[in-house]
Amino acid sequence: MLLTGWLFDVYEDPLDGLAVWLLGDDGRRRRLRQAFPVTFYASGPEARLKAVEGFLAKRSPAAQVERTERCDVFAGRDVPVVAVKVPRPADVPGVFRPLERAFPDLSYGDVDLQLSIRYAAASGLFPLARCRMEVDAGGRVLAAEALDSPWDMDRPPMPLRICSLEPDVDPAHADPRWLVVRCGEQEHRLALNAPRAMLVNLRALLLRHDPDLLLAARGDTWLLPWLIDLADQWGVDLPLNRDHHGKIGRRKERWYFSYGQLVYRGEQVLLAGRWHIDRHNAMLWDDYDLEGVLELARVTCLPVQTSARVSPGTGISSVQMLTALRLGVLVPWQKQQAEEPHSALDLFAADQGGLVYQPKIGLHRNVSGLDFVSMYPAIMVNYNISPETVSATPRPGAERVPELNLWIDRSRPGLVPQALLPLLNRRVALKERLAGLPHDSPEYQLNKKRASALKWLLVTCFGYLGYRNARFGRIEAHQAVTAYGREALLCAKEVVEEHGGEVIQMYVDGLWVKDCPADYPSLLDEILARSGLPVGLDGVYRWVAFLPSRVHPRRAAANRYFGVFQDGEVKVRGIEARRRDTAPFISATQLAVLKILARHADPQDGLPEAWQALRQRLDLLRRGRVKLEDLLLAQKMGRDMEEYKARSPVARAVAQLQAAGKTLKPGQRVRYLLTLGHPGVWAWDLPSHPPLASLDIARYEELVLRAAGTVLAPVCGILESQFPAYFRQHASPHEFDRYTSQALPGAAKALPRARGRAPASLPV
DNA sequence: TACAGTCGGGG
DNA sequence: GTGTACGACTGTA
């Protein structure tokens with residue numbers, strides 16, 4: 001039988017090797033089976049390989065053992081190996097573990113690979129591929145072929161049936177009463193206080209709609225674990241899985257450090273034959289949602305349920321492994337080559353990393369923002385930077401890295417550039433398409449999410465190059481990339497200056513140019529021609545403010561700025577509104593003030609209106625008209641409770657929750673209100689809310705004024721620290737407490753003009 | 001004032 | 001599955 005359709009999912013089947021789900025063109029969802037033997041390799045001295053053969057013949061008779069050669073990418077050549085082929089993926093650990101224990105001195109390759117990646121490399125199929133399968137009467141796949149590729153720009157959408165499940169409130173905050181279930185056009189509200197009826201109804205819905213995707217809010221961390229227990233308790237057979245043979249996969253919650261910050265990942269519940277995604281436990285869901293997840297699955301070949309939950313780092317690592325498998329390069333089981341311990345993992349490490357300049361503090365008009373497009377990935381591709389192409393000694397035909405004693409072999413394409421090239425090309429193609437589409441069209445939205453998912457993959461690949469435990473990482477390659485980056489930025493600066501522009505700020509992959517020559521295309525082309533890397537115009541700022549450091553007011557903070565483009569769009573970086581610990585009301589106030597300034601060609605002309613808006617906001621705060629949710633500060637718990645030395649607000653809020661029986665894990669976010677007296681905070685997830693009168697309004701006022709000062713002080717030409725006093729004196733002629741909304745229009749007239757007040761040290 | 005603790009950055 | 005930068009800022013002691 002010949003079937004065509006979409007590849008829905010592939011996972012291990014203990015008996016047959018693989019379970020393969022096909023979403024057929026006829027609308028049927030079929031669980032097929034496929035035999036799938038897998039091979040891994042051992043390499044080392046001849047005598048040891050002989051011993052391996054003897055060992056396996058005795059200990060693992062089911063394994064087929066063969067002598068051959070494979071490419072060791074770090075050695076740069078084919079090496080003799082023992083190939084060990086086992087009948088099913090599930091057989092690998094049983095054969096490998098004793099082998100590795102007996103021969104710890106050998107190198108191993110292709111051992112610990114995700115099944116989906118092995119399958120993709122072997123079959124040419126990928127998640128969501130259009131495909132044709134030849135299947136026997138017993139549902140065994142005899143042959144399969146892909147009918148499209150992940151790089152296709154236009155593909156028919158996969159006809160997914162989606163069911164969404166959502167509790168009426170966040171279960172961490174309060175006890176939900178309803179579960180809202182949406183299947184297609186229908187919406188059902190299931191009462192949670194009648195568990196048996198709820199289960200029976202949910203079962204009926206699942207059977208009737210048979211969804212491909214359960215999109216559950218808090219599905220990982222609350223709903224599914226709870227439903228599974230409840231169904232068990234009430235003896236209801238709840239068909240969460242579509243695969244009757246499959247088990248529901250549970251992964252425990254965990255926390256870890258990544259790029260210097262603590263990350264908490266909640267428990268995961270993975271279904272068989274159906275996808276389950278919890279948008280609150282899905283990486284970057286708010287950025288690219290389902291379409292981005294599907295794009296990731298196609299290009300990384302990770303299963304959809306995995307793509308939704310992993311960090312882009314895992315994604316890029318999968319693409320590298322896939323590339324290696326397809327090229328016949330061994331994927332090291334453990335990292336082979338020695339390297340210095342290092343710390344500079346991050347894209348923006350200033351020391352021997354990206355180039356950072358001290359901008360000129362204050363307000364600047366008519367500034368162009370120029371950015372290299374995907375700078376670091378473009379460098380890796382353009383200069384062929386890969387762990388195996390970098391060497392610390394000159395080799396014939398190798399190119400020296402600027403400023404460093406490193407050489408790059410450009411005679412053969414490196415593994416990492418080969419993995420990146422299609423991603424980079426696709427992102428460029430998607431962006432080109434976006435440029436021609438109206439922003440409100442569905443096609444624009446779709447492609448934007450795809451481009452965004454690719455962006456994160458590309459951003460992370462640089463970090464992976466320098467990451468100690470990456471399989472295809474090497475610190476020297478990482479250093480080479482940043483060296484080329486610095487060179488490219490300096491090259492761009494030269495070109496700009498030759499054209500008569502003044503560079504007022506440079507930051508890793510971007511530069512800000514005052515009174516940039518208007519002939520952009522030729523300027524950008526020249527930078528491309530001289531640096532080899534594409535540059536784009538981020539936009540032309542009507543004005544942009546670079547902020548001084550709060551700790552050292554004479555020094556500029558490279559990373560705190562805001563500005564307004566010619567079309568009125570606002571861009572902010574590093575200031576309160578960008579920080580996830582800022583209360584929504586405070587962010588909103590800061591942005592509201594900034595948007596008022598943005599409406600004026602000269603931001604100072606917006607000051608009277610900005611003062612008025614600020615007074616109104618403070619008035620709302622005073623009169624208790626701000627929703628409690630909008631006053632929530634949110635911070636991550638950075639360590640275990642016992643490890644806190646200072647009674648910081650977070651520590652106090654966590655302690656409150658603990659006393660109320662709610663335990664938080666490191667990396668989880670704690671939301672709290674600021675209250676009067678001791679302990680000064682009120683954790684949001686406590687069973688009750690604080691009385692309105694106990695909110696520390698004065699403290700909130702301080703925070704509002706501080707955030708407003710960040711954007712207003714540079715426009716007034718004063719230091720941020722002077723702002724609250726300045727505001728009370730100049731912009732608020734009446735006593736604070738006497739504010740009423742009726743008094744406001746008159747008050748606005750009494751405002752002074754700030755123009756010309758700037759001290760000499762602050763260019764305005 | 002020193003120290004402890006958390007945040008951004010990429011588009 | 002793995003994972004702990006750096007500088008800037010805020011708050012505590």
Side-chain angles (χ1 to χ4, degrees), chain A residues 112-114 251-252 254-263 265 284 287-288 306 310-314 317-318 333-335 341-354 356 369 371-377 427 430-431 434 448-449 451-464 466-471 473 507-510 536 538 547-552 555-560 571-582 633-639 643-652 666-667 669-670 674 680-681 699 702-703 706 710 720:
Chain A
D112 45 352
L113 296 175
Q114 285 257 6
R251 283 196 61 192
K252 275 205 193 137
R254 68 212 157 96
W255 47 95
Y256 53 87
F257 265 90
S258 174
Y259 298 93
Q261 73 160 333
L262 192 55
V263 179
R265 310 258 50 214
L284 296 165
D287 190 48
Y288 51 60
T306 310
V310 297
S311 68
T314 308
S317 154
S318 300
W333 171 62
Q334 283 172 325
K335 236 175 91 62
H342 65 94
S343 55
L345 274 174
D346 186 73
L347 179 57
F348 292 100
D351 176 43
Q352 279 297 298
V356 178
D371 287 323
F372 282 93
V373 184
S374 290
M375 183 193 234
Y376 286 162
R427 176 137 195 273
L430 285 170
K431 289 195 87 171
L434 286 176
K448 194 167 163 55
K449 286 166 190 162
S452 183
L454 293 175
K455 170 196 72 192
W456 288 109
L457 279 186
L458 290 168
V459 160
T460 331
C461 74
F462 167 71
Y464 251 60
Y467 164 44
R468 192 158 48 242
N469 295 328
R471 294 184 212 235
Y507 194 81
V508 186
D509 65 348
D538 187 31
L547 298 178
S549 158
R550 279 197 161 125
V551 186
H552 311 280
R555 191 191 299 170
N559 232 346
R560 282 162 46 85
K571 179 164 178 168
V572 302
R573 288 296 178 268
I575 65 174
E576 287 83 350
R578 284 288 283 197
R579 296 176 62 107
R580 281 171 290 186
D581 55 352
T582 307
L633 283 75
Q635 275 181 306
K636 265 185 191 178
M637 186 183 173
R639 58 201 62 211
E643 289 168 38
Y644 276 101
K645 289 183 197 159
R647 300 284 292 161
S648 66
V650 193
R652 281 175 275 157
R669 210 166 279 279
V670 191
L674 298 171
V681 295
R699 185 80 188 92
E702 250 182 81
L703 295 176
R706 186 197 289 164
T710 302
E720 277 178 47

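Sequence lines set the chain letters: A, B, ... in the order given, protein chains first and strands last, and positions in each chain run from 1.
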Could you summarise the pairing of DNA chain C as dot-bracket text, marking Watson-Crick and G-U pairs under 3.5 Å with ( ) or [ ] inside the strand and | across strands?
.....||||||||
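dC9(C) and dG9(B): their C1' atoms are spaced 15 Å apart (whole Å). If you take atom C1' in dG5(B) and the same atom in dA5(C), they sit 16 Å apart, rounded to whole Å. Spacing of C1' atoms, dT6(B) relative to dT4(C), comes out at 14 Å, to the nearest Å.
In terms of modelled atom types and a separation under 3.5 Å, the side chain of T582(A) and the main chain of R578(A) share no donor-acceptor contact.
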Write down the protein N/O and nucleotide N/O pairs, taken from nucleotides 2-6 of chain B, whose separation is under 3.5 Å; answer none if there are no such pairs.
| unit_1 | atom_1 | unit_2 | atom_2 | d |
| --- | --- | --- | --- | --- |
| dG5(B) | OP1 | K645(A) | N | 2.7 |
| dG5(B) | OP1 | A646(A) | N | 3.3 |
| dG5(B) | OP2 | R639(A) | NH1 | 3.0 |
| dT6(B) | OP1 | K636(A) | O | 3.2 |
| dT6(B) | OP1 | G638(A) | N | 3.1 |
| dT6(B) | OP1 | Y644(A) | OH | 2.6 |

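Side-chain N/O atoms of R550(A) include none lying less than 4.0 angstrom from OP1 or OP2 on dG7(C). Within the 4.0 Å cut-off from OP1 or OP2 of dT2(C), not a single side-chain nitrogen or oxygen of R471(A) is found. Between R560(A) and dA8(C), a side-chain N or O to OP1/OP2 separation shorter than 4.0 Å is absent. For T460(A) and dG10(B), the shortest distance from a side-chain N or O to OP1 or OP2 is not below 4.0 Å. For the pair R254(A) and dT2(C), the criterion of a side-chain N or O lying under 4.0 Å from OP1 or OP2 is not met. A sub-4.0 Å separation between OP1 or OP2 of dG10(B) and a side-chain N or O of R578(A) is present.
Rounding to the nearest 0.5 angstrom, the gap separating the CG atom in L430(A) from the NZ atom in K449(A) is 13.5 Å. Rounded to the nearest 0.5 angstrom, R669(A) CZ and Q635(A) CD are separated by 9.0 Å. For the atom pair N559(A) CG and I575(A) CD1, the distance stands at 12.0 Å (nearest 0.5 Å). A distance of 11.5 Å separates OH in Y507(A) from CZ in R573(A), rounded to the nearest 0.5 Å. If you take OG1 on T306(A) and CZ on R251(A), they are separated by 8.5 Å, rounding to the nearest 0.5 Å.
Side chain of K431(A), nearest nucleotide from dG1(C), dT10(C), dG11(B): dG11(B). Looking at the side chain of A557(A), the nearest of the listed nucleotides dG11(C), dG10(B), dC9(C) is dC9(C). Listed nucleotides dG3(C), dG8(B), dG1(C) differ in distance to R251(A); the shortest reach to its side chain belongs to dG1(C).
Between the CH2 atom of W333(A) and the P atom of dG1(C) there is a distance of 16 Å, given to the nearest Å. The NE2 atom of H552(A) sits 11 Å away from the P atom of dG7(C) (whole-angstrom rounding). Nucleotide dT10(C) holds its P atom 17 Å from the CZ atom of R652(A), rounded to whole Å. Here dC9(C) presents its C1' atom at 12 Å from CG of N559(A), a figure rounded to the nearest Å. What separates CD of E576(A) from P of dG8(B) is a distance of 12 Å, to the nearest Å. Distance CG (D371(A)) to C1' (dG11(B)): 9 Å, rounded to an integer number of Å. Atoms CG (L633(A)) and C1' (dG11(C)) sit 12 Å apart, rounded to a whole Å. Rounding to whole angstrom units, CG of residue D509(A) and C1' of dG8(B) are separated by 15 Å.
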Check against side-chain hydrogen bond (donor to acceptor under 3.5 Å, both in side chains), Q114(A) and S318(A):
CA-CA 8 Å; Q114(A) 285 257 6; S318(A) 300; over 6 Å; no
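For the pair P377(A) and C461(A), the tightest heavy-atom approach, listed with the atom from each and the gap, is CG-SG, 4.1 Å. Taking all atoms of both residues into account, the shortest heavy-atom contact from L262(A) to G667(A) is CD2-N, 3.3 Å.
For R573(A) against dG11(B), a side-chain N or O and a base N or O form a donor-acceptor pair under 3.5 Å.
Here R579(A) does not pair with E576(A) in a salt bridge; the nearest charged N to carboxylate O distance is not below 4.0 Å.
As judged by a 4.0 angstrom heavy-atom cut-off over every strand, R427(A) is placed among residues touching the sugar-phosphate backbone only. Using a 4.0 Å heavy-atom cutoff across all strands shown, S549(A) reaches sugar-phosphate atoms only and no base atom.
Taking R427(A) as the reference, S374(A) meet the side chain to side chain donor-acceptor pair (under 3.5 Å) condition, with sequence neighbours excluded.
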